[in-house]
Amino acid sequence: MFRSRERRAPTDSHTVNSNKGLAYGYKYPHRLNLYDIPPVEDITLEDFEVWAIDRLRILGEIESSLVRNRTYDEMRNVTTKQCKKYLPLNSSSATSVDREEERRKDHVSHFVLRLAFCRSEELRRRFVKAEMMLFRVRFETDDHSERESFIQSLNFGWMPVDEEEKKQLQAELVAASPATFLSLRQVPWTRVPDLVEKRRVFLKNGMAYVPAREQSSMVYQEFQTNLEKQLQLTAKALPRLDEDGRILPILENLSQGFIAGVPSEYSSPEGSGDAVTADMINDMSQKHFPLCMRNLHDTLRKDRHLKHYGRLQYGLFLKVIGLSIEEALIFWRKGFGGTMTDDKFNKEYRYNIRHSFGLEGKRHNYPAWSCQQILMGHQPGVQESHGCPFRHFSSENLDTALLSTFGPQGVTSNDIPEIMSQVKSTHYHVACTRVFELTHGLKKGEGIGGGESVTHPNQYATRSRELENGNKKSGDAMLVDT
């Protein structure tokens with residue numbers, strides 16, 4: 001996507017320049033795109049990152065759907081909702097939106113993620129699988145006339161079958177597929193192995209005769225083959241690229257997106273109504289905290305201490321839950337127990353607590369750690385309790401922790417094999433999402449709402465409290481009705 005030599009200096013300090021000398025203002029005649037031509041215009045660093053993150057949210061949810069064994073219809077519905085939210089693509093007949101800008105964002109974001117996910121065989125495989133599913137959902141939901149126009153524009157070497165040949169082969173074609181033979185095309189059988197396997201096409205002299213209703217398989221196969229090939233070429237070219245040093249950290253961060261999804265940033269307290277006090281935390285932890293925070297809370301109560309990274313991970317989480325600085329100081333002072341003197345607490349801990357609230361030092365309002373930061377950040381060592389239990393606990397310890405922590409909320413030994421399977425496949429946030437479903441009485445696949453997966457501990461806690469408040473309101477309404 002980028003030049004490897006003679007890279008022109010950006011005209012703006014926040015702009016990067018993409019490769020190849022195609023004309024600026026590339027037009028997108030179709031909603032669908034095979035991504036065979038790289039983007040050619042200048043883009044800002046902000047668009048470079050934000051657009052890629054928006055696309056990654058969709059791809060991450062697609063992969064979560066596959067891991068969670070959702071039906072195709074369920075996955076299509078979730079993907080469609082995510083696309084409308086993060087990466088809308090309106091039909092060519094839409095007049096009230098900027099179609100070109102929507103398609104430009106789709107085009108650029110795909111190629112940015114190519115750079116991020118070409119780096120290993122595993123990343124390439126997962127990227128192709130998710131992109132393939134996204135393309136299929138869009139293809140099936142596209143307007144019929146626009147989809148046909150898109151197919152006609154493709155240069156795949158498909159050969160139309162004339163009327164005379166159709167008559168000669170009518171019996172064989174009907175036997176293979178009773179569908180209409182309008183737009184019947186013939187291609188080498190190696191281009192449609194899935195149709196050959198399912199016996200949906202007639203074969204003659206190494207050519208497959210594909211009816212219109214099955215031609216989508218040819219498009220999917222071409223999309224996948226082309227993407228796999230281009231990712232291989234990108235991976236070989238990547239080490240030779242002379243790129244802006246600001247881009248490489250972005251790509252590195254994006255490549256971790258499949259591990260824990262792409263979270264929103266949580267830096268300010270929730271607007272959830274009642275203020276949270278230090279005395280409320282223990283009860284809240286039993287009902288609303290994810291396993292990582294529950295582990296930190298229980299360790300603090302048991303040992304009367306947490307090491308630095310544990311205090312940081314838990315403290316920022318509590319801040320965003322809604323614990324004020326005054327209540328945070330009370331909570332930590334009580335948490336450390338009576339054996340610690342006030343003088344020791346004020347000297348060794350008070351400043352750091354105030355610093356996390358942006359009241360000391362450079363006065364930065366630090367956000368709570370996301371699942372991705374917890375998974376990829378400082379790994380817990382001996383006597384440290386931070387991190388993600390789904391990744392950092394042994395199988396035996398995780399099994400025990402799940403049953404002892406969430407057994408009263410509905411997790412049973414019968415649920416453990418499914419959760420452990422997701423952990424072994426490194427889909428830690430999917431395992432956490434399944435725990436959320438089990439402990440909140442939600443059906444499998446519903447996630448935290450709308451099919452979304454857990455990507456942030458505060459997201460988990462916020463949704464849990466919303467469900468509790470919703471149930472209370474529902475119960476109050478029933479009492480009034482009676």
Side-chain angles (χ1 to χ4, degrees), residues 30-37 59 62-63 65-67 69-80 83 89 110 121 124-233:
H30 305 287
R31 176 175 175 265
L32 298 170
N33 195 336
L34 287 185
Y35 310 107
D36 49 352
I37 301 176
L59 300 184
I62 289 174
E63 183 171 72
S65 296
L66 294 170
V67 173
N69 294 319
R70 283 179 175 149
T71 66
Y72 175 71
D73 287 342
E74 291 173 337
M75 180 161 45
R76 182 177 58 191
N77 291 337
V78 170
T79 303
T80 300
C83 285
L89 275 182
H110 171 86
E121 181 62 35
R124 291 194 292 270
R125 181 188 64 79
R126 294 167 76 173
F127 180 68
V128 168
K129 194 171 185 179
E131 279 283 350
M132 181 64 200
M133 187 58 65
L134 175 60
F135 180 82
R136 179 182 175 185
V137 169
R138 286 175 168 174
F139 187 89
E140 292 183 355
T141 57
D142 202 14
D143 178 81
H144 176 73
S145 61
E146 292 186 24
R147 183 167 62 238
E148 285 300 311
S149 176
F150 171 71
I151 293 176
Q152 292 293 338
S153 71
L154 302 177
N155 185 24
F156 289 158
W158 300 350
M159 293 178 288
V161 181
D162 57 37
E163 293 300 322
E164 182 178 350
E165 188 174 5
K166 287 181 185 177
K167 291 179 181 179
Q168 293 176 355
L169 300 175
Q170 182 175 359
E172 292 86 348
L173 293 173
V174 170
S177 176
T180 179
F181 301 130
L182 293 175
S183 302
L184 188 69
R185 293 180 172 91
Q186 57 175 322
V187 298
W189 73 268
T190 53
R191 304 273 285 275
V192 287
D194 57 329
L195 297 180
V196 174
E197 180 184 6
K198 297 173 183 177
R199 300 189 177 187
R200 292 183 178 177
V201 292
F202 170 62
L203 298 180
K204 181 181 179 182
N205 297 329
M207 303 298 288
Y209 290 73
V210 186
R213 74 175 188 180
E214 304 291 356
Q215 288 169 17
S216 59
S217 293
M218 296 195 295
V219 180
Y220 301 154
Q221 185 67 35
E222 293 289 349
F223 180 89
Q224 180 173 338
T225 301
N226 178 66
L227 182 54
E228 290 172 342
K229 179 181 178 181
Q230 293 302 319
L231 283 171
Q232 292 281 359
L233 294 175

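Given the structure is predicted, the values throughout are model-derived calculations rather than measurements.
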Q: Is any side-chain N of the basic residue among Arg124 and Glu121 closer than 4.0 Å to the acidic one's carboxylate O?
A: yes
Q: How far does CG of Asp194 sit from CZ of Arg200, to the nearest 0.5 angstrom?
A: 8.5 Å
Q: Between Phe139 and Tyr220, does the ring centroid distance fall short of 6.0 Å?
A: yes
Q: Output the distance between atom CD (Gln230) and atom CG (Asp36), rounded to the nearest 0.5 Å.
A: 8.0 Å
Q: Under the side-chain contact (heavy atoms from CB on, under 4.5 Å) rule, what do Glu172 and Lys204 come out as? Steps first, then yes or no, please.
A: CA-CA 10 Å; Glu172 292 86 348; Lys204 181 181 179 182; over 6 Å; no
Q: Might you work through the salt bridge (Lys or Arg N to Asp or Glu O under 4.0 Å) test for Lys167 and Glu164, ending with a clear yes or no?
A: CA-CA 5 Å; Lys167 291 179 181 179; Glu164 182 178 350; over 6 Å; no
Q: Can the positive tip of Arg31 be found less than 6.0 Å from the middle of the six-membered ring of Phe150, inside 45° of the ring normal?
A: no
Q: Under the criterion side-chain contact (heavy atoms from CB on, under 4.5 Å), I'd like the reasoning laid out for Tyr35 against Asn226: C-alpha separation, chi angles, the key distance, then a yes or no.
A: CA-CA 9 Å; Tyr35 310 107; Asn226 178 66; 5.8 Å; no
Q: Under the 3.5 angstrom rule, does the side chain of Arg70 hit a backbone N or O of Met75 as a donor-acceptor pair?
A: no
Q: May I have the step-by-step check of side-chain contact (heavy atoms from CB on, under 4.5 Å) for His30 and Ser149, ending in yes or no?
A: CA-CA 8 Å; His30 305 287; Ser149 176; 3.2 Å; yes
Q: Given side-chain contact (heavy atoms from CB on, under 4.5 Å), test Tyr209 with Val201 step by step and report yes or no.
A: CA-CA 6 Å; Tyr209 290 73; Val201 292; 5.8 Å; no
Q: Quick test of your reading of the model: are Arg191 and Glu222 salt-bridged, counting only N-O distances below 4.0 Å?
A: yes
Q: How long is the span from the CZ atom in Arg185 to the CD1 atom in Ile151, to the nearest 0.5 Å?
A: 6.5 Å
Q: Should the pair His110 and Phe127 be assigned to parallel (<30°), tilted (30 to 60°) or perpendicular (>60°) ring geometry?
A: tilted
Q: For Arg76, enumerate each residue passing the salt bridge (Lys or Arg N to Asp or Glu O under 4.0 Å) test, keeping only those at least two apart in sequence or located in another chain.
A: Asp73, Glu140
Q: So, Glu165 side chain and Asp162 main chain: donor-acceptor pair closer than 3.5 Å or not?
A: no
Q: Looking at every heavy atom in both Ala208 and Val192, which two are closest together, and how far apart are they?
A: CB-CG2, 3.8 Å
Q: Identify the heavy atoms of Lys166 and Leu184 that sit nearest to each other, and give their distance.
A: CE-CB, 4.0 Å
Q: Once rounded to the nearest 0.5 Å, what's the spacing between atom CG of Leu32 and atom CG of Asp143?
A: 10.5 Å
Q: Roughly how far apart are Ile62 CD1 and Leu134 CG, rounded to 0.5 Å?
A: 4.5 Å
Q: Can you tell me how far the CG atom of Leu154 sits from the CZ atom of Phe223, to the nearest 0.5 Å?
A: 12.0 Å
Q: Is there a donor-acceptor contact under 3.5 Å linking the side chains of Gln232 and Glu228?
A: no
Q: Can you name the residues that form a salt bridge (Lys or Arg N to Asp or Glu O under 4.0 Å) with Arg138, not counting sequence neighbours?
A: Asp106
